[in-house]
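Okay, structure first, notes after.
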Amino acid sequence: MPSPRGGPSTPECRAAARAPEARAKAACAALLRATLFAAFAAGSVSCDSRAEPTPPSVEAESVAPGSSGGAPPRPPFRDVTKSAGIEFRHENGARGVYHLCEIMSAGGGFLDFDRDGFLDIFLVQSCVIGQEAKGGESRLYRNLRDGNFRDVTAESGISVGGYGFGCAAADYDRDGDADIYVTRLGPDVLLRNEGDGRFTDVTASVGLGDEGFSTSAAWLDYDRDGFLDLYVARYIKFSPEREKVCRSVRQEQDYCNPTAYEPMMHLLYRNEDGKVFRDVSKSAGINSDPGYGLAVIAADLTGDGWVDIYVANDQSPAMLWANQRNGTFVDRAQALGAAFNGESKAIAGMGIAAEDFDGDQDIDLFVTNIREASDLFLRQDKGLFSDVTGIWGERKWLRPCTSFGVIAFDQDLDGGFDMFIANGAVNKDATPYIVERPYAEPNNFLRQNAKGRFVDAAAELPEPVNALAISRGLAAGDYDNDGDLDLLACRNGDTPQLLENLQSGGGHWLVIETLDASGHGPVFNARVTLQGGNRSWVREVQPQRSYLTTSDPRLHFGLGTVRAIDTLRVQWPSGKLEEASAIGVDQVLRLQEGRVGK
């Protein structure tokens with residue numbers, strides 16, 4: 001996040017701000033799709049080799065899998081926050097002092113805490129610095145399975161005050177239900193799910209409780225012992241006494257550049273036995289270099305079957321912690337081309353999407369950036385990354401606004417990727433959209449066309465879906481179990497947005513739940529490859545992505561016109577590879593390790 005840049009906003013961004021008014025007049029009434037949620041138990045045929053990748057092309061005309069680029073006949077989303085019963089307002093604590101933390105929050109996400117098959121919502125609250133004890137609390141909303149939610153915070157026993165940022169949900173103790181880790185402006189909190197609708201704060205008893213400025217966190221089993229470990233990205237060394245006075249281009253007091261502060265070392269905790277965590281940051285090599293950490297994803301980025309860690313740092317080189325398979329990591333971001341953009345410059349990395357954008361069966365990266373400094377596409381080819389931003393993106397949407405959370409998904413189930421990006425400024429521009437709200441900006445919505453480029457589709461968004469706001473965390477989850485992904489946008493100093501997906505393309509879909517040998521799930525970083533209709537898709541279970549959020553741990557595939565899956569392969573984090581064939585579509589498929597195909 002750089003210091004105030006000066007100069008007006010780009011014409012594209014100003015136009016985007018005006019567009020929602022026109023779109024609202026043209027928006028048609030939305031109808032709910034019929035619910036298609038069928039459970040299917042699957043089992044296994046072993047396979048000795050991974051699918052051979054299709055050599056990708058670096059040319060602009062290379063075709064992305066299944067993308068049509070056509071606009072749906074009705075708006076892609078509608079805002080159902082109020083009608084669904086979500087009554088929450090984020091408190092950023094801004095009182096004219098300009099603490100840097102105030103402009104960087106809010107987070108939350110989806111999790112199924114009561115194991116009823118429907119996603120619930122957790123929203124992280126912040127507060128006024130210096131008044132942490134009086135701050136509001138984070139909130140838990142139970143999905144009532146009819147499109148509505150109920151606030152169950154009090155009865156759940158959750159009491160998380162202080163200055164919160166984000167959250168990461170996972171079953172750390174292997175008892176079958178989702179626990180919640182909350183990152184804060186120290187100390188962080190771990191809430192253990194007791195399985196009866198209640199949570200217990202076990203932070204101290206399990207050896208956690210980081211006192212630093214934590215932002216995003218990700219769960220992963222880096223040592224393959226069956227227990228999920230925890231990576232925590234941290235930002236700056238903060239205290240009110242360290243604050244500085246910075247000025248905008250109009251010489252008004254404004255938020256400082258993070259480089260005015262010292263960056264922090266990140267943390268890696270090893271889960272010993274589901275009961276206690278040990279800080280292995282030093283022994284694992286994680287604390288070899290600090291960074292202004294904002295987002296983190298855990299995925300197999302080196303293709304060896306072991307989970308790696310990618311961290312988007314603000315105005316410092318990104319980190320790619322390559323798993324050495326012996327309990328240690330080495331930062332190979334520079335060696336593999338993933339630390340900088342194509343100009344060898346560190347970007348203001350804020351949010352991450354990690355998907356196979358070009359259909360060659362490895363994971364590519366998209367990293368969001370500051371206004372007027374392009375977002376970044378990093379394409380992976382045989383373990384090496386290259387900046388293909390100019391090939392996969394367009395200037396019209398790459399530079400206009402400051403981007404944070406990002407979700408790459410198949411909104412219309414046509415088989416290709418779409419992308420939603422949460423925007424909001426961090427410094428006062430010379431010509432803000434709204435003088436009274438100088439940090440508010442419109443979001444981005446993109447569609448991948450037949451040439452693999454992501455093109456601006458914001459004109460499809462109606463009001464209030466794309467109202468000007470300071471959007472930060474963005475999560476994805478099929479909360480209504482109709483086979484498509486809905487979105488949760490967490491907005492700084494504002495109400496969140498629950499965006500129901502209204503896709504009407506008629507494409508087929510497949511939702512996959514991953515379970516371990518004992519029947520517990522989800523299995524983080526299980527990688528599933530589908531082949532059908534002369535096309536293929538790859539997804540990896542990585543609920544913690546984007547920025548400050550936790551998402552649906554189920555894998556969602558849009559299949560377009562494909563009516564059956566010929567081959568399904570699942571690469572388990574344990575190293576086991578299994579295969580099944582002749583899979584039906586438009587269903588929820590449960591894959592259990594050791595039983596795939598049986």
Side-chain angles (χ1 to χ4, degrees), residues 1-3 92 99-109 124 126 163-168 181-186 188 210 212-218 231-238 255-267 286 289-298 309-321 331 333 338-341 346-354 365-371 373 375-376 378 401-407 421-427 439 470-475 490 492 542 544-550:
M1 186 188 71
S3 56
N92 60 15
H99 296 301
L100 183 55
C101 57
E102 298 166 357
I103 200 63
M104 306 301 290
S105 53
V124 180
S126 305
Y163 205 100
F165 269 83
C167 63
Y181 187 80
V182 184
T183 60
R184 302 196 304 178
L185 188 60
D188 294 345
D210 164 43
F213 189 153
S214 300
T215 51
S216 298
Y231 188 99
V232 181
R234 301 199 295 177
Y235 196 41
I236 63 170
K237 294 183 179 179
F238 172 86
Y255 294 103
C256 292
N257 187 311
T259 57
Y261 310 88
E262 290 183 65
M264 296 198 75
M265 293 288 187
H266 301 182
L267 297 173
I286 292 298
D289 196 23
Y292 299 102
L294 287 180
V296 57
I297 60 102
I309 304 165
Y310 187 81
V311 185
N313 291 316
D314 193 351
Q315 292 200 95
S316 54
M319 299 165 175
L320 197 166
W321 295 111
D331 184 3
F340 306 104
N341 63 15
I347 72 167
M350 299 181 186
I352 308 171
L365 297 168
F366 177 79
V367 187
T368 58
N369 198 1
I370 193 77
R371 180 188 66 236
D375 295 335
L376 177 63
L378 291 172
C401 303
T402 294
S403 303
F404 278 83
V406 55
I407 293 294
I421 304 175
N423 295 332
V426 290
N427 295 120
Y439 305 103
I470 310 171
S471 299
R472 292 294 182 253
L474 184 69
C490 302
N492 182 286
Q542 42 166 325
Q544 284 87 54
R545 54 192 191 272
S546 185
Y547 175 71
L548 302 183
T549 53
T550 194

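Note that these values count all heavy atoms, side chains included, but never hydrogens, waters or copies made by symmetry. Predicted model, so just to flag it, every value in this text is computed and none were measured.
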Query - Minimal non-hydrogen separation, G108 against C490, with atom names - result: N-SG, 3.6 Å
Query - Residue pair A217 / A168: nearest heavy atoms and the distance that separates them - result: O-CB, 3.7 Å
Query raised in the report: Roughly how far, to the nearest 0.5 Å, is the CG atom of L376 from the CG atom of L365?
Result: 8.5 Å
Query raised in the report: Looking at side-chain heavy atoms only, is the closest gap between V124 and L548 below 4.5 Å?
Result: no
Query - Reported CD1-to-OG1 distance for the pair I421 and T402, which is rounded to 0.5 angstrom - result: 12.0 Å
Report task. State the OG1-CG distance between T183 and D210, to the nearest 0.5 angstrom. Result -> 9.5 Å
Query - Test item: T215 side-chain N/O and Y235 main-chain N/O as donor-acceptor pair under 3.5 Å - result: no
Query raised in the report: Hey, is the main chain of I103 close enough, under 3.5 Å, to the side chain of R472 for a donor-acceptor pair?
Result: yes
Query raised in the report: Hey, does the side chain of Q542 reach the backbone of A354 with a donor-acceptor pair shorter than 3.5 angstrom?
Result: yes
Report task. To the nearest 0.5 angstrom, please state how far the OG atom of S105 sits from the OH atom of Y547. Result -> 7.5 Å
Query - Evaluation steps, side-chain contact (heavy atoms from CB on, under 4.5 Å), between I370 and V426 - result: CA-CA 8 Å; I370 193 77; V426 290; 3.4 Å; yes
Requested in this report: Output yes when a side-chain donor or acceptor of S546 lies under 3.5 Å from a complementary backbone atom of I407, and no otherwise.
Outcome: no
Requested in this report: Could you go through the side-chain contact (heavy atoms from CB on, under 4.5 Å) check for F238 and M264 one step at a time?
Outcome: CA-CA 10 Å; F238 172 86; M264 296 198 75; over 6 Å; no
Query raised in the report: Can you tell me if T550 uses its side chain to pair, donor with acceptor, with the backbone of Q544 under 3.5 Å?
Result: no
Query raised in the report: How about Y439 and Y255: are their ring centres within less than 6.0 Å of each other?
Result: yes
Requested in this report: Report the distance from atom CG of L185 to atom CG of L100, rounding to the nearest 0.5 Å.
Outcome: 10.0 Å
Requested in this report: Ignoring hydrogens and angles, tell me if any N or O in the side chain of S126 forms a donor-acceptor pair with the backbone of Y163 under 3.5 Å.
Outcome: no
Query raised in the report: Quick one: are the ring centres of F213 and F165 less than 6.0 Å apart?
Result: yes
Query raised in the report: Do you know the tightest heavy-atom contact between L294 and S216?
Result: O-OG, 2.6 Å
**Report entry** Nearest heavy-atom neighbours spanning P290 and M265
**Finding:** N-SD, 3.5 Å
Query raised in the report: Can you check whether G473's main-chain N or O pairs, donor with acceptor, with T549's side chain at less than 3.5 Å?
Result: no
Query - Distance in Å, N92 CG paired with E102 CD, rounded so as to fall on 0.5 Å steps - result: 6.0 Å
Query raised in the report: Hey, is the main chain of G291 close enough, under 3.5 Å, to the side chain of H266 for a donor-acceptor pair?
Result: yes
Query - Heavy-atom pair of closest approach, residues G351 and V406 - result: C-CG1, 4.0 Å
Requested in this report: Write down the atom of A318, the atom of A338, and the distance for their closest heavy-atom approach.
Outcome: CB-O, 3.6 Å
Report task. Please confirm whether the backbone N or O of G293 pairs with a side-chain atom of N313, one donor and one acceptor, at under 3.5 Å? Result -> yes
Query raised in the report: Run the side-chain contact (heavy atoms from CB on, under 4.5 Å) check on D331 and D289 step by step: do they pass?
Result: CA-CA 9 Å; D331 184 3; D289 196 23; 5.6 Å; no
Requested in this report: Could you tell me whether a side-chain N or O of N492 sits under 3.5 Å from a main-chain N or O of A106, the two making a donor and an acceptor?
Outcome: no
